[in-house]
Amino acid sequence: MQQTVIKKVKNTAFYMGMTPGEAVALQRDMGAAVVTDSVFGSINHVAGIDISFRAGTANAAVVVLTFPGMKVVETASARKKVTFPYIPGLLAFREAPVALEAFARLSTIPDLLVVDGHGLAHPRRFGLACHLGVELDIPSIGCAKSRLIGQWREPARRKGSSTRLIAGEEVIGRVVRTRDDVKPVFISAGHKVSLKDAVRLVLRMATKYRLPEPIRHAHIAAGHFW
DNA sequence: GCGACAG
DNA sequence: ATCTTGTCGC
């Protein structure tokens, strides 16, 4: 698998001077620092983050909302040229740089990050949600629209229904129905948040649409800042 | 060697 | 992610 990844971009760009092979090594190191069993109490602000691309340039948007009210209180954005290609498993090396720049412009530090991508449900258990959570040292949750790895069964049709996302012998996430009769989302722990809490929080933030409010707003903002 | 493959 | 029109359903 690694062979495929490296081979696919051996003549392409880098991330902070890193080769894809070094990126994989870094993920393994950072992954060892992930804390997934922490319990956190009061959450007042949550941030959603998303990025849109156009001809080699990325636009990142971070939107902070109140919790559980889900009212937008602040939006920050950043633009940056991207050279690292999209490689399944190495998404963070393409999206994290711009995302972190946008985040640095925020005046309100959120208590939780909801990321458009996977957390522990990743080949090396270190998806974009883990990457951002560790870099910012803020609890984070991975909420992806489709599967990267793992086996799963279709959850029941009603909102709140969910099934396990399994890789080998371990449960790496849950496939959750956020609304009646809509495609489920893939939830996994990112940083300092348990899978159980992640699912509970996402269901609480998915008020009217398939995607939880933070991600939905960030997605709109990212594509609107051009 | 042949598929699978977050956004 | 992005390229792109109409169309099915509530």
Side-chain angles (χ1 to χ4, degrees), chain A residues 1-9 12-13 15 20 23-24 27 30-31 34 48-62 77-100 102 113-134 140-152 157 159 165-168 172-176 178-191 195 198 202 208-212 214-226:
Chain A
M1 182 199 280
Q2 287 179 53
Q3 291 274 318
T4 306
V5 170
I6 296 173
K7 181 180 180 181
K8 203 168 184 178
V9 294
T12 325
Y15 165 68
V24 168
Q27 285 187 324
M30 294 178 81
V34 179
I49 185 160
D50 193 36
I51 300 165
S52 66
F53 296 86
R54 274 180 53 175
T57 299
N59 232 330
V62 183
S77 66
R79 182 174 297 182
K80 190 182 188 64
K81 290 185 178 179
V82 176
T83 53
F84 202 92
Y86 165 66
I87 301 173
L90 294 181
L91 181 64
F93 294 84
R94 177 175 170 75
E95 305 199 339
V98 212
L100 293 173
L113 273 176
V114 186
V115 181
D116 188 0
H118 290 100
L120 293 180
H122 174 278
R124 289 167 292 283
R125 306 294 181 275
F126 203 71
L128 178 61
C130 297
H131 195 115
L132 293 177
V134 170
S140 64
I141 292 173
C143 178
K145 298 182 293 299
S146 63
R147 184 203 77 120
L148 172 57
I149 62 166
Q151 304 301 310
W152 56 285
R157 62 185 311 187
K159 172 178 182 176
L165 177 58
I166 301 173
I172 57 177
R174 290 199 72 89
V175 185
V176 182
T178 51
R179 295 293 296 166
D180 289 359
D181 301 308
V182 296
K183 290 172 55 177
V185 294
F186 298 73
I187 305 302
S188 59
H191 183 55
L195 175 58
V202 167
K208 186 177 166 55
Y209 301 89
R210 179 201 178 207
L211 297 179
I215 289 182
R216 195 176 71 79
H217 282 292
H219 183 65
I220 294 173
H224 183 52
F225 266 69
W226 291 107

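All figures in this text were calculated on a predicted structure; none of them were measured in a lab.
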Working for side chain to side chain contact (heavy atoms under 4.5 Å, CB included), residues Ile49(A) and Asp116(A): CA-CA 7 Å; Ile49(A) 185 160; Asp116(A) 188 0; over 6 Å; no

Any side-chain N or O of Ser146(A) less than 4.0 Å from the OP1 or OP2 oxygen of dC5(B)? no

Okay, side chain of Ser140(A), backbone of Leu113(A): is any donor-acceptor separation there less than 3.5 Å? no

Sugar-phosphate only, base, or nothing, as touched by Gly142(A) at under 4.0 Å among non-hydrogen atoms: nothing

Tell me if a side-chain donor or acceptor on Arg174(A) pairs with a main-chain N or O of Leu195(A) at a distance below 3.5 Å. no

For Lys145(A) and dG7(B), is the shortest distance between a side-chain N/O and OP1 or OP2 below 4.0 Å? yes

Separation of atom CZ in Phe53(A) from atom P in dT2(C), rounded to whole Å: 8 Å

For Arg54(A) and dG7(B), what is the distance between atoms CZ and C1' respectively, to the nearest whole Å? 18 Å

Tyr86(A) stacking on dG7(B): centroids under 5.5 Å, ring planes under 30°? yes

Spacing of Arg124(A) atom CZ relative to dC5(B) atom C1', expressed in whole Å: 12 Å

Once you round it to whole Å, what is the distance between P of dA1(C) and CD1 of Ile220(A)? 13 Å

Looking at Arg147(A), does any N or O in its side chain come under 4.0 Å of the phosphate oxygens OP1/OP2 on dC5(B)? yes

Hey, where does DNA chain C pair up into stems, meaning at least three consecutive Watson-Crick or G-U pairs with distances under 3.5 Å? none

Donor-acceptor contact present, side-chain Gln27(A) to main-chain Gly89(A), <3.5 Å: yes

